[in-house]
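Everything below concerns the one structure shown next.
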Amino acid sequence: MTVPFVLAVPSKGRLQENTEAFFTRAGLSLAKPRGARDYRGTIAGLDNVEIAYLSASEIASQLARGMVHLGVTGEDLLRESIPDADNRVLLIDSLGFGSANVVVAVPQAWIDVRTMADLDDVTTGFRAQHNRRMRVATKYINLTRNFFAAHGVVDYRIVESAGATEGAPAVGTAEMIVDITTTGATLAANGLKVLDDGVILRSQANLVASRDADWSDEARETARVILDHIAARARASKYREVRTRFAGCNEALLNEAHNRFGVVAPFGGPTSSGMLTLHCPPLQLYALGSFLREHGADTVSIASLDYVLDRENPLFARLEAFLRQ
Ligand SMILES: Nc1ncnc2c1ncn2[C@@H]1O[C@H](COP(=O)(O)OP(=O)(O)OP(=O)(O)O)[C@@H](O)[C@H]1O
Ligand SMILES: O=P(O)(O)OC[C@H]1O[C@H](OP(=O)(O)OP(=O)(O)O)[C@H](O)[C@@H]1O
Ligand SMILES: [Mg+2]
């Protein structure tokens with residue numbers, strides 16, 4: 001019996017919907033054959049892949065232990081829960097959703113405390129005056145320790161908090177917090193402010209590989225196919241396809257278009273009849289269309305691309321390099 005390839009995706013929370021949409025866009029449709037409460041799933045067309053539906057934090061720990069090959073989770077959870085994360089897991093690609101910052105926040109009433117250096121002064125003064133250390137409520141214990149140490153802040157102690165962390169200063173269980181924030185609404189509602197240099201980590205959802213998973217030849221081949229879908233979609237969404245045909249279309253013009261608009265010519269220069277296909281960054285489309293018409297094109301058509309399969313797969317190349325190290 002062959003060991004299945006395991007891909008872990010969030011079963012709930014903020015990352016779930018976006019993750020499913022991400023795989024669907026890449027042409028990989030995740031299915032739960034036994035219904036919505038089934039925590040094992042499949043990918044159409046990839047028989048040996050098992051989808052493990054887990055919470056975002058569980059995905060980070062399963063990646064660390066090599067129980068899953070690939071997973072989608074937040075960078076905050078990886079950096080917090082995996083010592084030496086860069087050696088144990090590879091962040092193959094950031095996915096453009098699940099953005100949030102892990103921050104140091106203090107009461108807005110502390111008007112003289114704006115930076116970590118100010119915090120250093122206050123924590124030292126507090127200890128001298130009260131004969132105890134200031135308390136930081138957080139679930140990000142390791143990120144907090146490392147960040148405070150890097151800023152030379154030592155007179156504090158951590159109070160572990162599993163939820164509603166922003167409420168801790170008001171109820172008196174801590175003086176300040178380290179937590180994750182996106183809009184800042186929860187911090188503001190609790191009368192807290194982020195220190196000017198208090199952003200510990202800018203996190204987002206990542207596609208992640210585990211070093212310690214069973215990377216058999218078959219598992220590598222499965223990863224290659226999955227990453228090929230993802231890379232093809234990523235490559236396609238960076239560009240639009242621009243087509244035109246006109247007599248004056250030549251290499252020099254193509255070079256100029258490349259330099260000015262960042263276009264690439266995936267199938268080479270114009271054909272003998274002047275037919276040309278270009279890939280152009282979305283923001284440069286109108287400028288490119290104008291340029292081509294100025295040089296003789298009567299018509300320029302622009303279409304969106306679904307997938308672009310290249311011989312090179314930068315995502316799989318990164319995985320292979322990581323597993324070789
Ligand atoms: N505003 C936000 N607050 C918290 N997490 C966010 C936010 N925006 C994005 N995230 C990301 O989503 C991840 C999972 O958070 P979420 O609270 O949705 O998961 P969860 O299902 O509650 O998981 P768990 O049960 O493990 O806590 C976070 O670790 C972070 O990477
Ligand atoms: O900056 P904001 O946009 O206000 O978001 C930040 C809040 O969202 C998260 O909580 P979540 O809703 O995930 O609840 P949880 O703590 O139970 O996971 C996080 O722990 C913050 O409390
Ligand atoms: Mg949560």
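Note that ligands are numbered from 1 as they come in the structure, with each ligand's atoms numbered from 1 the same way.
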Check ion pair Asp212-Arg65 (N to O, under 4.0 angstrom) | no
Charged tip of Arg211 within 45° of Phe322 ring normal and under 6.0 Å = yes
Would you call Arg127 and Asp155 a salt bridge, taking side-chain N to carboxylate O under 4.0 Å as the test?
-> yes
Classify the contact between Ala100 and ligand 1 as side chain, backbone, both or neither, using a heavy-atom distance cut-off of under 4.0 Å.
-> side chain
Ligand-residue contact atoms, ligand 1 with Gly74, heavy atoms, under 4.0 Å = 31 (O)
Any donor-acceptor N/O pair, His258 side chain to Val263 backbone, under 3.5 Å = yes
In terms of side-chain geometry, is the basic nitrogen of Arg79 or Asp86 positioned less than 4.0 Å from the acidic oxygen of its partner?
-> yes
Ligand-side contact atoms (ligand 2) for residue partner Ile180, heavy atom cut-off under 4.0 Å | 6 (C), 19 (C), 20 (O), 21 (C)
Which of the ligand 1 atoms, numbered from 1, are nearer than 4.0 Å to a heavy atom of Ile180 | 3 (N), 4 (C), 5 (N), 30 (C)
Check each heavy atom of Thr183 against ligand 1 and say whether those closer than 4.0 Å belong to the side chain, the backbone, both or neither.
-> neither
Under 4.0 Å from one or more heavy atoms of Ser57, ligand 1 contributes atoms 24 (P), 26 (O)
Could you list the atoms of ligand 2 found under 4.0 angstrom from a heavy atom of Arg14?
-> 8 (O), 9 (C), 10 (O), 11 (P), 12 (O), 13 (O)
Under 3.5 Å, is there a donor-acceptor pair between the side chain of Asn190 and the main chain of Thr186?
-> yes
In sequence, state the C-alpha distance, the side-chain angles, and the governing distance for Asp76 and Arg202, and then conclude on salt bridge (charged side-chain N to carboxylate O under 4.0 Å, His left out).
-> CA-CA 8 Å; Asp76 57 321; Arg202 294 177 201 283; over 6 Å; no
Is Thr182 in polar range of ligand 1, meaning some N or O pair under 3.5 Å apart?
-> yes
Given the rule that I, L, V, M, F, W and Y join up when any side-chain heavy atoms are under 4.5 Å apart, are Leu207 and Tyr53 in one cluster?
-> yes
Near Gly13, which atoms of ligand 1 are under 4.0 Å from a heavy atom of that residue?
-> 18 (O), 21 (O)
Run the numbers for me: atoms of ligand 1, each under 4.0 Å from some heavy atom of Gly98, listed by number.
-> 9 (C)
Should the pair Glu175-Arg132 be classified as a salt bridge under the 4.0 Å nitrogen-to-oxygen rule?
-> yes
May I ask whether Ala205 places a heavy atom under 4.0 Å from ligand 1?
-> no
Can you sort out which atoms of ligand 1 are near Leu77, meaning under 4.0 Å from one of its heavy atoms?
-> 29 (O)
Within 4.0 Å of some non-hydrogen atom of Ser99, the atoms of ligand 1 are 8 (N)
Same cluster or not: are Val178 and Leu77 linked, directly or through other Ile, Leu, Val, Met, Phe, Trp or Tyr residues, by side-chain heavy atoms under 4.5 angstrom apart?
-> no
Which atoms of ligand 1 sit under 4.0 Å from any heavy atom of Ala56?
-> 14 (C)
Check: Lys12 N/O within less than 3.5 Å of ligand 1 N/O | yes
For the pair Phe97 and Phe22, name the ring-plane relationship: parallel under 30°, tilted 30 to 60°, perpendicular over 60°.
-> tilted
How long is the gap from CD on Glu20 to CZ on Arg25, to the nearest 0.5 Å?
-> 12.0 Å
Short N/O distance, under 3.5 Å, between Lys139 and ligand 1?
-> no
Report yes or no: does a heavy atom of Gly163 sit under 4.0 Å from some atom of ligand 2?
-> no
Option nearest atom 30 (C) of ligand 1 (shortest heavy-atom distance, choices Asp76, Thr181, Asn206) = Asp76
Return yes or no for this condition: an N or O of Glu75 is under 3.5 Å from an N or O of ligand 1.
-> no
Is the shortest N/O to N/O distance between Tyr140 and ligand 1 below 3.5 Å?
-> no
